[in-house]
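The block underneath contains the structure these notes are about, expressed in structure tokens.
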Amino acid sequence: MSELTITTRLPVLKISADQHGWEDDEIVTEYPLTIFLNDEEFATIVCTPADLEEMVIGFLAAEGVIKSYSEIKQLTINEAQGFAYVDLHKETILSQSFYSKRRITSCCGKSRQSFYFFSDARTAKPVESTATVTPAQCMRLMKELQASSDIHRQTGGVHNAALCTPDEVLLQFSDIGRHNALDKIYGKCLRDNISTTDKILVFSGRISSEVLLKAAKIGAGIILSKSAPTDLALQLADELKLTAVGFIRNDKMNVYTQAERILLP
């Protein structure tokens, strides 16, 4: 980032059981970015001011606005004013009701119904992935993710997400918004033509339905988290053929869906 900073130092009263006093502390920056699409205001995202181009690309793809990076004619970010200007090669008629209205659908031809937005119904498809991973690899990848985030160590105020193979971390991003971190991965992969087939997402936060849908749109067949899932997220994971693993900590983990991708000794 040329003009913006990710953290700032502020005085804070620190109190422990036996002492207290004022010290400077690193605080994560919260930054609003408004996206204009073909000269029309589309959305405002509150985020960490880093990797903004990747985040905008990933957000537009996750919303179903674009399917590939080649659909973007020009992307310009005014960091000082907090604006992102995106010109597409195609005309776009924006309807906020289309991108935010709830839709109830019988997903994948099954009898029970799942919650979707219209944009999710267009872009979240069952994942076709042959990726497999061992419990030991899951735990090692989680430890690598936690060790690799300088911003989290400095502030404790961001979520981390990484795209991995079973053996290594390929990409890693941080953001105050857990969904933003995943959009940054998605945008990076689209812009740089990085395949997400048979990859693994490693994530620091709770696996909510929104996070699960982002993972499906990215195309990764396995999502690993140190935290808990929600019931709706697990319903969607089952419908969309994702392996959801949570509570990866202290050499333990819970496998909730599509357990065949976890190779047991």
Note, [X] side chain near [Y] side chain (heavy atom, < 4.5 Å):
| X | Y | answer |
| --- | --- | --- |
| His159 | Asp175 | no |
| Ser227 | Ile207 | no |
| Lys184 | Cys47 | no |
| Leu88 | Leu37 | yes |
| Ile200 | Pro166 | yes |
| Leu163 | Cys189 | yes |
| Met253 | Pro135 | yes |
| Phe42 | Val86 | no |

Any donor-acceptor N/O pair, [X] side chain to [Y] backbone, under 3.5 Å:
| X | Y | value |
| --- | --- | --- |
| Thr257 | Leu242 | yes |
| Asn160 | Ala181 | no |
| Asn180 | Val46 | yes |
| Lys214 | Arg178 | no |
| Asn78 | Gln81 | yes |
| Thr29 | Thr5 | yes |
| Thr196 | Ile218 | yes |
| Ser195 | Thr197 | yes |
| Lys217 | Ala62 | yes |
| Ser225 | Gly246 | no |

- prompt: Can you hop from Leu224 to Leu145 via hydrophobic side chains spaced under 4.5 Å?
  reply: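 Same cluster: Leu224 reaches Leu145 through Ile, Leu, Val, Met, Phe, Trp or Tyr contacts under 4.5 Å.
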
Are there over 12 heavy-atom neighbours, none belonging to [X], within less than 6.0 Å of that residue's [atom1]?
| X | atom1 | answer |
| --- | --- | --- |
| Asp167 | CG | yes |
| Asp192 | CG | yes |
| Asp24 | CG | yes |
| Lys143 | NZ | no |
| His20 | NE2 | no |
| Lys252 | NZ | no |

Non-hydrogen atoms of [X] and [Y] that approach each other most closely:
| X | Y | result |
| --- | --- | --- |
| Ala233 | Ser209 | CB-N, 3.7 Å |
| Val127 | Lys241 | O-CB, 3.7 Å |
| Lys188 | Leu171 | CG-CD1, 3.8 Å |
| Tyr186 | Gly58 | CD2-O, 3.7 Å |
| Tyr31 | Leu52 | CE2-CD1, 3.7 Å |
| Cys138 | Ile262 | SG-CD1, 4.4 Å |

Within this structure, what is the [atom1]-[atom2] distance for the pair [X] and [Y], rounded to the nearest 0.5 Å?
| X | Y | atom1 | atom2 | value |
| --- | --- | --- | --- | --- |
| Tyr85 | Leu75 | OH | CG | 12.0 Å |
| Glu54 | Phe59 | CD | CZ | 16.0 Å |
| Glu26 | Leu10 | CD | CG | 9.0 Å |
| Glu260 | Thr243 | CD | OG1 | 5.5 Å |
| Asn38 | Asp87 | CG | CG | 6.0 Å |
| Leu240 | Gln235 | CG | CD | 10.0 Å |

- request: Apply side chain to side chain contact (heavy atoms under 4.5 Å, CB included) to the pair Phe247 and Tyr256, showing each step before the final yes or no.
  value: CA-CA 11 Å; Phe247 288 111; Tyr256 295 95; 3.3 Å; yes

task: Determine whether the side chains of Asp198 and Thr130 contain a donor N or O and an acceptor N or O closer than 3.5 Å.
output: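 Note: Asp198 and Thr130 side chains meet the donor-acceptor criterion.
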
task: Please step through side chain to side chain contact (heavy atoms under 4.5 Å, CB included) for the pair Thr165 and Lys199, ending with a clear verdict.
output: CA-CA 5 Å; Thr165 68; Lys199 298 300 190 300; 4.1 Å; yes

message: Between Val211 and Ile223, is the side chain to side chain contact (heavy atoms under 4.5 Å, CB included) condition met? List the steps.
response: CA-CA 10 Å; Val211 166; Ile223 182 166; 3.8 Å; yes

- request: Could you walk me through whether Glu53 and Ile57 pass side chain to side chain contact (heavy atoms under 4.5 Å, CB included), step by step?
  value: CA-CA 6 Å; Glu53 181 175 306; Ile57 296 167; 3.9 Å; yes

- prompt: Does the pair Glu144/Arg140 count as a salt bridge with the N-to-O cut at 4.0 Å?
  reply: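 A salt bridge is present here (some side-chain N lies under 4.0 Å from a carboxylate O).
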
